[in-house]
Enquirer: 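One structure follows; several queries about it will come next.
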Amino acid sequence: WSDCHPPERVRYMRSEIELALSRASLLITDSEFTRREVADYFSWPIEKIRAIPLASAGCFYPRGPELLQGLLQKFSLLEGGYSLFLGTIEPRKNLPTLLDAYESLPVSLRKRWPLILAGYSGWQSEDIFARIEKGSRSGWIRYLGYLLPEDLPLLMAGARLFLFPSFYEGFGLPVLEAMASGIPVVCSNSSSLPEVAGDAALMCDAADTNTLCQLIAKGLEDEVWRASARELGLVQAAKFSWSRCARETVDVYRSLQC
């Protein structure tokens, strides 16, 4: 996905990764998908690569209305009254497809549950922001910009649905954070995301606008699925912990001493 990054970043990363590979005895990746991709792309022995998954921070957990009131008032939002995307506004996150899918929803759904976006303004985002501005005038989308770290868990916990149709993720931490917050998830089935989401999320091909639109509608309206997704998501998120990540990372270093 080199076309999703500035050329100077691509050149820098290629040179630094090749240098790291020339020095390393073992590699650690944060997903099994990335482990296999690194082995294939760089022709590295897969037995010398360990996949050690990340985890969500402890600040991401379900919250009641009393804990959300201040943040939601700050941004003039209602609890469970919006869909949410968190991430850098850049090509890799596949936001044009998300905007196409959301705009294809019935007007009643878009107006009842507007799409909220928050994150850095990234590379090649001018056209995306032009579309966001147009949707804002129609009342179905808002961009909150880059938020303070203490605001993110509250914004996540107040959402009705979390949307993440990214083309490519090495791990996909926002999906895990949403599930840990008790929020149903609709995401793409690309790269590492199925590994993180398990059976808890609705998934489709990142480029399939029509199916994404259908899944968003289901995620907003189907109360039976939503209840199941909340329960499955909390169970799935609990499988990932920083204590496990630390323990398995230490084990890799110790194996080099043998």
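These numbers were taken from a predicted model, which means no experiment stands behind them.
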Enquirer: Using 0.5 Å steps for rounding, measure from the CZ atom of Arg35 to the CD atom of Glu195.
Expert: 10.5 Å

Enquirer: Indicate yes or no: at least one non-hydrogen side-chain atom of Leu72 is less than 4.5 angstrom from one of Tyr82.
Expert: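 Leu72 reaches Tyr82 side chain to side chain.
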
Enquirer: Short question: side chain of Tyr143, backbone of Gly119 - any donor-acceptor pair under 3.5 Å?
Expert: yes

Enquirer: Please check if the side chain of Ser31 supplies one atom and the backbone of Phe171 the other of a donor-acceptor pair under 3.5 Å.
Expert: no

Enquirer: Rounded to the nearest 0.5 Å, how far apart are CG of Leu109 and CD1 of Ile216?
Expert: 10.5 Å

Enquirer: Where is the tightest heavy-atom contact between Cys187 and Val175, given as atom of each residue plus distance?
Expert: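 Distance-wise, the nearest heavy atoms are CB-CG2, 4.3 Å.
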
Enquirer: Does any N or O in the side chain of Arg63 come within less than 3.5 Å of the main-chain N or O of Leu68, such that one atom is a donor and the other an acceptor?
Expert: no

Enquirer: Can you name the closest pair of heavy atoms from Cys204 and Asp208 and give their distance?
Expert: SG-O, 4.2 Å

Enquirer: Would you name the heavy atoms of Pro53 and Ala51 that are closest together and state the gap between them?
Expert: CD-O, 3.9 Å

Enquirer: Nearest 0.5 Å please: distance from the OH atom of Tyr168 over to the CG atom of Leu193.
Expert: 11.0 Å

Enquirer: Verify the cluster assignment for Tyr120 and Leu86: are they in a single hydrophobic cluster under the rule of side-chain heavy atoms below 4.5 Å apart?
Expert: no

Enquirer: Look at atom CG of Asp127 and say whether more than 12 heavy atoms of other residues, nucleotides or ligands are closer to it than 6.0 Å.
Expert: no

Enquirer: Thinking salt bridges, do Asp151 and Lys74 make one under a 4.0 Å N-O criterion?
Expert: yes

Enquirer: For Asp222, look at atom CG and say whether over 12 heavy atoms of other residues, nucleotides or ligands are found less than 6.0 Å away.
Expert: yes

Enquirer: Given 3.5 Å as the limit, does a donor-acceptor pair link the side chain of Thr34 with the main chain of Gly170, or not?
Expert: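 Yes; at least one donor-acceptor contact below 3.5 Å.
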
Enquirer: Check the surroundings of atom CZ in Phe42: do more than 12 heavy atoms from other residues, nucleotides or ligands lie under 6.0 Å from it?
Expert: yes

Enquirer: Are Leu234 and Val186 co-members of a hydrophobic cluster defined by side-chain heavy atoms under 4.5 Å apart?
Expert: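 No; tracing contacts between hydrophobic side chains, which count when under 4.5 Å, never links both residues.
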
Enquirer: So do the side chains of Leu98 and Phe85 get within less than 4.5 Å of each other, counting heavy atoms only?
Expert: yes

Enquirer: With no hydrogens and no angle check, is any side-chain donor or acceptor of Arg50 less than 3.5 Å from a backbone partner on Asp251?
Expert: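 Such a contact is absent between Arg50 side chain and Asp251 backbone.
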
Enquirer: Give me the atom names and distance for the closest heavy-atom approach of Ala159 to Leu84.
Expert: CB-CB, 3.9 Å

Enquirer: May I ask you to check whether over 12 heavy atoms, not counting those of Phe129, lie within 6.0 Å of atom CZ?
Expert: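 Atom CZ in Phe129 is packed in, count exceeds 12.
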
Enquirer: Within the distance-only criterion (no hydrogens, no angle test), does the side chain of Ser190 pair as donor or acceptor with the backbone N or O of Ser166 below 3.5 angstrom?
Expert: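 Yes; judged by distance alone, with no hydrogens or angles, the pair exists.
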
Enquirer: Can you tell me how far OG of Ser136 sits from NZ of Lys134, rounded to the nearest 0.5 angstrom?
Expert: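 Interatomic distance, Lys134 NZ to Ser136 OG, rounded to 0.5 Å: 12.0 Å.
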
Enquirer: Answer yes if Phe164 and Phe240 sit in the same cluster of Ile, Leu, Val, Met, Phe, Trp and Tyr residues linked by side chain heavy atoms under 4.5 Å apart, and no otherwise.
Expert: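 Yes, it is one cluster - the side chains of Phe164 and Phe240 are joined through contacts under 4.5 Å.
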
Enquirer: What is the distance from atom NZ of Lys218 to atom SG of Cys213, rounded to the nearest 0.5 Å?
Expert: 14.0 Å

Enquirer: Are Val38 and Met13 connected in a single hydrophobic cluster, I mean Ile/Leu/Val/Met/Phe/Trp/Tyr linked by side-chain heavy atoms less than 4.5 Å apart?
Expert: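 Same cluster: Met13 reaches Val38 through Ile, Leu, Val, Met, Phe, Trp or Tyr contacts under 4.5 Å.
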
Enquirer: With a 4.0 Å cut-off on N to O distance, would you call Glu18 and Arg14 a salt bridge?
Expert: no

Enquirer: Using side-chain heavy atoms (C-beta onward) and a distance below 4.5 Å, is Arg92 in contact with Glu169?
Expert: yes

Enquirer: Do you know which two heavy atoms are closest between Asp199 and Leu232, and how far apart they sit?
Expert: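 Heavy atoms of Asp199 and Leu232 come nearest at O-CD1, 3.9 Å.
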
Enquirer: Are Leu212 and Met203 joined in one hydrophobic group, where the rule is that I, L, V, M, F, W and Y side chains link up if heavy atoms are under 4.5 Å apart?
Expert: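 No, Leu212 and Met203 fall in different hydrophobic clusters.
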
Enquirer: Donor-acceptor pair, distance only, cut-off 3.5 Å: does the side chain of Arg226 make one with the backbone of Arg160?
Expert: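 Checking the backbone N and O of Arg160 against the side chain of Arg226, a donor-acceptor pair under 3.5 Å is found.
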
Enquirer: With side-chain contact (heavy atoms from CB on, under 4.5 Å) as the criterion, how do Phe60 and Leu173 come out once you've worked through the C-alpha distance, each side chain's angles and the decisive distance to 0.1 Å?
Expert: CA-CA 11 Å; Phe60 288 94; Leu173 194 55; over 6 Å; no

Enquirer: On a heavy-atom basis, which atom in Ser255 and which in Leu26 lie closest, and how many Å separate them?
Expert: OG-CD1, 3.5 Å

Enquirer: Using the rule side chain to side chain donor-acceptor pair (under 3.5 Å), only one of Tyr102, Trp113, Trp140 pairs with Ser83; which is it?
Expert: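 Single side chain to side chain donor-acceptor pair (under 3.5 Å) partner of Ser83 among Tyr102, Trp113, Trp140: Tyr102.
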
Enquirer: Checking the side chain of Asn94 only, and the main-chain atoms of Ala206 only, is there a donor and an acceptor separated by less than 3.5 Å?
Expert: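 Yes: the side chain of Asn94 pairs with the backbone of Ala206.
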
Enquirer: Where the side chain of Ser181 meets the backbone of Ala157, is there a donor-acceptor pair that is under 3.5 Å apart?
Expert: no

Enquirer: CG/Leu77 to CG/Leu144 distance, rounded to the nearest 0.5 angstrom?
Expert: 6.5 Å

Enquirer: Please check if the side chain of Gln236 supplies one atom and the backbone of Val196 the other of a donor-acceptor pair under 3.5 Å.
Expert: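 The answer is yes, because a donor-acceptor pair under 3.5 Å joins these two groups.
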
